Amino acid sequence: MSELDQIPIKTPPGSLFNAAELERLLEAEVDRARRYDYSLCCVLIAVDRLEALTDLHGSSAHDEIYGAVERFLRRDLRTSDFIGTLMGDRLLAVIPSTSRDGVVDVVRRLLVGVRKLEFTSGDRQLRVTLSVGLTWAPGSELNGFKRLLGAAQGALGAALGSGGDRYVEGAFAKFEEAPAAAPTPAPEAAPAPAAVAPAPVDATAGLDPEDLLAAVRHVLGEHAQAVARMEDAQSRPSGENSDQVKLLERRVQKLAGELERYQQVVASLIEEGGSRDDGVASLGKIFGGIGQGKDDEKRKHMMGDIFQANLALKQALTESSEGGN
Amino acid sequence: MPLPAQPSPETGVLYLGIDLGTSRTSVSASNGVRVTVPSFVGYPKDVVARKLLKKDVLFGDEALEKRLSLNLYRPLAEGVIKSSLESGKSNQIEAEANMRAARDLIAEIVRQARPRADELVYAVIGVPAQASINNKEAILEAAKECVDSAMLCSEPFSVAYGLDMLDDVLVIDIGAGTVDLCRMHGTMPEDADQVTMTTAGDFVDDNLERLIGERYPEAQVTRQMVKTMKERFGSINDNMDPCVVTMPVAGKPTQFDIKEEIKEACAAIVPPIVSGLQQLIATFDPEFQDKLKKRVLLAGGGSQIKGLDTAIEREMVERLGSGKVIRTEEPMYGGSNGALKIANDMPDEYWEQLR
């Protein structure tokens, strides 16, 4: 089995080449670059929170967003650059014979350009951002496409883990035994942490409050259902379904972890208070209660009035039921 | 796992905001659950139906779908429980059945909010602005068995409260049974600040059914079909696309364009709404009347009629000189979200006193 057998390249619909042939072409490109000593850059691209957006707005939104980003790449890159799609909704661009600085300029242009794309789902306007991992290597140092791709994958993980909407350049290891240096994040939209290690992908990164609320509700619902199923399974005679119980326990644990993460995100949003944009403030309104707005005194009086009216109503109800007896 | 900002997570309280509507009942809960159920309750007609359905009571769409096997109730009319509207012994059985259906509907919506077994449930329920004391007592009576503590609140007020629009706002809350208007001026609205009218969604359905019957007498149409048509096509825009629906004629599905009927039926609610607004504006401090006209909030399921905001604005300009109407972003949950916010903001000791 060759090294490239592991590269998860997807055959695009309508493509003349199957995945194996595409992989062979990429390997040939690496060989050519090494022979003629020109540089090669591997750029791996992910659309931030695409999975969450698909959950919330359906697969048609996914196809629209993914398709638009792909078209944008094809428009923006040169015809001599290779653009492919990978499993897991990743996009791959292989840029030959371009300086390192030139590639960084291209990637910056992509990040800015995609931020301007607009999508709609129902009445909502959606915007997306990209996470990009790139690896550049001079021709003389190239030794297989898989190695180039592997370094770009690590860099992409770092870009996603540090919040998305940025590119991270991964160090290319010429020799197998040489340890890869930690990737260095290059913030685009907001200042990034000084050093970023690859971290688990945060599904809430960049979610606007409405989507975040929907995501919280979704997870709460899933969690409640899993708990109910687990309790049901536990109530049956032991031994009969112990595998199922174990499986459900793991699922409940996983969902509880996810809820905890959302809890932290919601808590931090509420902590930020009412000076944020309307969406965030409305999230605070739903969960926050009295204590954040400028009309607190007014509201307290209103609560008192509602209470008094309901107290009178309750007394009338009690009197009428006693009268009836 | 409770969300962090629940007001009193340590006490194990689930707060609910309920919009008990003639057509749909919505709940927003402090655990993040939001559910809407069509306000239909059905009980199997006989033992055979019970055996077939395997349930003692069905709700919402499921009840509608199986209605031929059910005694079907829509327990609310004009925004309140039917039992409190009807008087006389002849209606006693029907009234009791509606009361039971309302009770079951509230219990179902509370169940769908998924309270934990050990949680107290405190609910604020929106009622029409001018519901009578009898109406309110009936709703409270129905709710008391399903929740630990309940309060009632004017529906349009809860919409405005939920959006933090407490000053100089006119709220129009269009439901199926009632259109509620409420003048917000920084204090709790009183009777004089509120108007309730019955020219609401059901009124549009009545009109549409009549107009279709007049124009296409050969077509067979049920009330539910009319409601579905309205919800799909409801519009009073000048440039409407054709509204092609299928209705059976002598058993054969036939297509009809009901664009004109839709437009006429929907437009009929505009003049009464503007009359109500006029009444509230004209009795307000003259110096602040213009401010009110510029902040008219359109909410409720009926606000989804396309072009309604523009039509109300146009009528306001004609009759009141000016007007600016804003739609709420969430017509279905505006009332329940606001009620939830009231429930959240209500001090615990008040809830305790009403238990």
Side-chain angles (χ1 to χ4, degrees), chain A residues 123-124 210 213-221 223-225 227-228 255-256 258-260 262-271 274 281-296 298-314 316-317 320-321, chain B residues 1-8 15 17 28-35 114 116 124-125 133-134 136-141 144 149-154 157-158 161-164 166-167 184 186-190 327 329-330 337-338 340-347 349-351 353-355:
Chain A
D123 298 339
R124 303 231 13 236
E210 198 168 329
L213 264 181
V216 169
R217 283 184 199 111
H218 177 72
V219 175
L220 275 168
H223 183 258
Q225 279 176 19
V227 168
L255 285 164
E258 208 168 330
L259 277 178
E260 207 161 341
Y262 280 130
Q263 194 172 353
Q264 286 163 3
V265 176
V266 173
S268 67
L269 285 174
I270 290 164
E271 211 170 88
S282 69
L283 183 75
K285 275 179 220 159
I286 292 173
F287 291 111
I290 280 184
Q292 294 187 347
K294 57 181 167 48
D295 294 328
D296 281 358
K298 210 177 276 180
R299 290 208 207 114
K300 276 180 193 163
H301 279 120
M302 286 176 172
M303 294 302 102
D305 289 342
I306 294 173
F307 167 69
Q308 289 302 337
N310 276 278
L311 192 63
L313 192 62
K314 191 187 174 200
L317 196 59
S320 67
S321 66
Chain B
M1 182 187 300
L3 286 166
Q6 272 182 263
S8 312
Y15 295 96
S28 300
S30 56
N31 60 7
V33 172
R34 288 204 311 185
V35 182
R114 296 200 284 268
R116 290 198 318 262
V124 168
I125 304 173
I133 188 91
N134 279 349
K136 288 178 182 170
E137 280 181 4
I139 292 173
L140 214 48
E141 182 78 31
K144 76 178 184 187
S149 191
M151 290 193 201
L152 306 184
C153 182
S154 148
F157 169 77
S158 61
Y161 192 87
L163 294 169
D164 262 356
L166 306 178
D167 274 314
M184 298 288 297
T187 60
M188 196 64 198
E190 296 170 356
R327 280 172 193 269
E329 281 182 18
E330 288 201 297
N337 281 348
L340 172 62
K341 184 155 173 56
I342 293 169
N344 267 334
D345 288 354
M346 192 65 68
E349 60 266 28
Y350 290 170
W351 283 116
Q353 286 185 59
L354 288 171
R355 283 183 67 181

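Note that the structure is predicted; figures quoted are calculated from it, not measured. Letters A, B, ... mirror the listed sequences (proteins, then strands); counts begin at 1. Every heavy atom of this structure was used, including side-chain atoms; hydrogens, water molecules and symmetry mates were not.
- Residue B/P347 touches chain A through its side chain alone, counting heavy-atom pairs closer than 4.5 Å.
- In plain terms, the two heavy atoms of A/K314 and B/Q353 that are nearest each other are NZ-O, 3.6 Å.
- Scanning all heavy atoms of the two residues, the minimum distance from A/I306 to B/C153 falls at CD1-SG, 4.0 Å.
- B/E190 CD: 12 or fewer foreign heavy atoms inside a 6.0 Å radius.
- You'll find the side chain of A/L311 stays beyond 4.5 Å of the side chain of B/Y350, heavy atoms only.
- Side-chain contact between A/M303 and B/Y161: present, with at least one pair of heavy atoms (C-beta onward) separated by less than 4.5 Å.
- Shown here for B/M188 and A/D305, the closest heavy-atom pair between the two residues is CB-OD2, 3.2 Å.
- Residues B/D345 and A/R299 come closest through the heavy atom pair OD2-CD, 3.9 Å.
- Distance check, rounded to the nearest 0.5 Å: CG of A/L313 to CE of B/M151 gives 11.5 Å.
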